[in-house]
2 protein chains.
Amino acid sequence: MSKQKDGIKASKTESKRPLRADAVRNEDALLQAAKEVFLTSGVNAPVRDIAAKAGVGIGTLYRRFPQRSDLVASVFCREVDACVAEAATLAAENDPLQALTLWLKRYVSFLAAKKGLAAALHSGDPAFETLPAYFRANFQPALATLMASAKESGEIQTDIDPYDLLRAIANLSVTNNEDDIQHTYRILDLLIKGLLFGGSVSTAEV
Amino acid sequence: MSKQKDGIKASKTESKRPLRADAVRNEDALLQAAKEVFLTSGVNAPVRDIAAKAGVGIGTLYRRFPQRSDLVASVFCREVDACVAEAATLAAENDPLQALTLWLKRYVSFLAAKKGLAAALHSGDPAFETLPAYFRANFQPALATLMASAKESGEIQTDIDPYDLLRAIANLSVTNNEDDIQHTYRILDLLIKGLLFGGSVSTAEV
DNA sequence: TAGCATATGGAGCGTTGTTCCGTTTGTCAA
DNA sequence: TTGACAAACGGAACAACGCTCCATATGCTA
């Protein structure tokens, strides 16, 4: 019940000393291992499993991530970053509408991999409180850019808020069945066709 | 990783022998204690705390609720029942529109008390899988009855599905701030006014 | 009242998140 | 290259958890 940790996440301006080489290597290995373990065993997988898979001791894990939830949050942010980064890649290699379409599917698969995590997000753990903001702050501009390009090139015509679209798709993706991702893809196609002519999207969920 | 339990929940037709008096007393004490502990310490409170508050041993708790989640599920169902039962009470003591209004507020306060539980519901634990169905099966008829009465008496005029209304209000209630229940009440008033003239409700959530 | 199935309670087991500290290792000045 | 020290490591150990087990106690029926 004692929780007076600083929690400051090393802002970029801060620079006491550079991390040692083995430290960055291990941090990377931990994040990679955690991502895989979470995927196979769920977010509640024991930290020991993650440390073992990363080939480091538990002490090392806790040095970098003082609490279990910090590790979960870091993995989440990392995957958000990866998904967002792909928007630029896709935009560079495809025409606007195709880039938008491909990225939305990428976004759906991102959501699909976050099944167990969604429950943890609402668990009240303070380590997760900033994640929704991080989610929005990164995804909204990414989608906004893709949509703007497609609109400029005249391929789509809509005034829908990118964030509304992100939320709508997120709601679509909360299907209990695991392989219903194909169903989500089909609905997504409908949404994209909808974008071609403008309009709005409304959703409901319990 | 071993989970081959029967899980059959003693259907009403089954009647080997009546429970012993102390058994029913303890079961009731456990459910009451669990409800209170969950409210103050969250759904993740240790079972030992609950057993202590109920004044029984842990063995007794586990005899009635073989798994922690069974206790959580039972508390949930019990509170659903209580809320549903109140619909009939309110209908008997008030005119239809007032009964409907009062019950919807009661429903909001029910939702407000389920904050931590919402996260557990999506945790994938099989003990929780039947709860959404239980939720709907009990709440929908209750609200449908109240709405039908108010419609017959000409006080409201709408063709909205009771379940849609339940879901919409549930979405409204997922506010992070704890005392935002007043805000929810205000929106609820709007919804009720909306019922007076018919229409539909659409919601969105991340 | 006797007898027995039913119910009880809590020590104890295995697993978890987390701490602690003796040991190892990367880095940098000399 | 080497010495020295802060940084990083690893894992035994601790506390708290969910859950099991069984000797004991107790409510019911005959």
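In what follows, every heavy atom counts, from backbone to side chain, and hydrogens, waters and symmetry copies are set aside.
- Comparing C/dT6, D/dC19, D/dC9 by their closest approach to the side chain of A/Arg63 singles out D/dC9.
- Rounded to an integer number of Å, the gap from CG of B/Asp125 to C1' of D/dG18 is 12 Å.
- Contacts between residues 32-44 of chain B and DNA chain D, defined by a heavy-atom separation under 4.0 Å, are absent.
- No side-chain heavy atom of B/Leu102 sits less than 4.5 Å from a side-chain heavy atom of B/Glu86.
- Atom OH of B/Tyr185 and atom OG of B/Ser109 lie 5.0 Å apart (nearest 0.5 Å).
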* Which nucleotides of nucleotides 20-30 of chain C have their base under 4.0 Å from a protein heavy atom (B), which only their sugar-phosphate (S), and which neither (-), written as one string 5' to 3'? -> -----BSS---
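- Rounded to whole Å, the distance from CD1 on B/Ile50 to P on C/dG9 is 16 Å.
- If you check D/dC17, C/dT8, C/dT18 against the side chain of A/Arg68, the one that comes closest is C/dT18.
- We find that CD of B/Glu27 is positioned 15 Å from C1' of C/dT6, with the value rounded to whole Å.
- Using a 4.0 Å cut-off, no side-chain N or O of B/Thr60 falls inside it from OP1 or OP2 of C/dA7.
- Contacts of A/Val47 with the nucleic acid, taken as non-hydrogen atoms under 4.0 Å apart, include base atoms.
- B/Asp159 has no carboxylate O lying under 4.0 Å from a charged side-chain N of B/Lys151, or vice versa, which leaves the two without a salt bridge.
- Residues passing the side chain to side chain donor-acceptor pair (under 3.5 Å) test with A/Arg25: none are found, sequence neighbours excluded.
- Checking the phosphate oxygens (OP1, OP2) of C/dT8, a side-chain nitrogen or oxygen of B/Asn26 falls inside 4.0 Å.
- Taking B/Thr60 as the reference, B/Asn26, B/Val56 meet the side-chain contact (heavy atoms from CB on, under 4.5 Å) condition, with sequence neighbours excluded.
- Among pairs with a residue in residues 38-57 of chain B, those fulfilling salt bridge (Lys or Arg N to Asp or Glu O under 4.0 Å) read B/Glu36-B/Lys53, at least two apart in sequence or across chains.
- Taking the side chain of A/Arg48 as heavy atoms from C-beta on, and the options C/dG17, C/dA7, D/dG18, the nearest nucleotide is C/dG17.
- Note on ring orientation: taking the six-membered ring where Trp is involved, the planes of B/Phe110 and B/Phe135 are tilted (angle from 30° to 60°).
- A donor-acceptor pair under 3.5 Å is formed between the side chain of A/Ser149 and the backbone N or O of A/Thr145.
- Partners of A/Phe38 by side-chain contact (heavy atoms from CB on, under 4.5 Å), not counting sequence neighbours, listed by chain and number: A/Ala34, A/Val43, A/Ile50, A/Arg68, A/Val72, A/Val75.
- A/Leu61 places its CG atom 15 Å from the P atom of D/dA8, with the value rounded to the nearest Å.
- The shortest distance between the side-chain N/O atoms of B/Gln67 and the OP1/OP2 oxygens of D/dG18 is not below 4.0 Å.
- Whole-Å rounding puts the B/Phe65 CZ to C/dT8 C1' distance at 15 Å.
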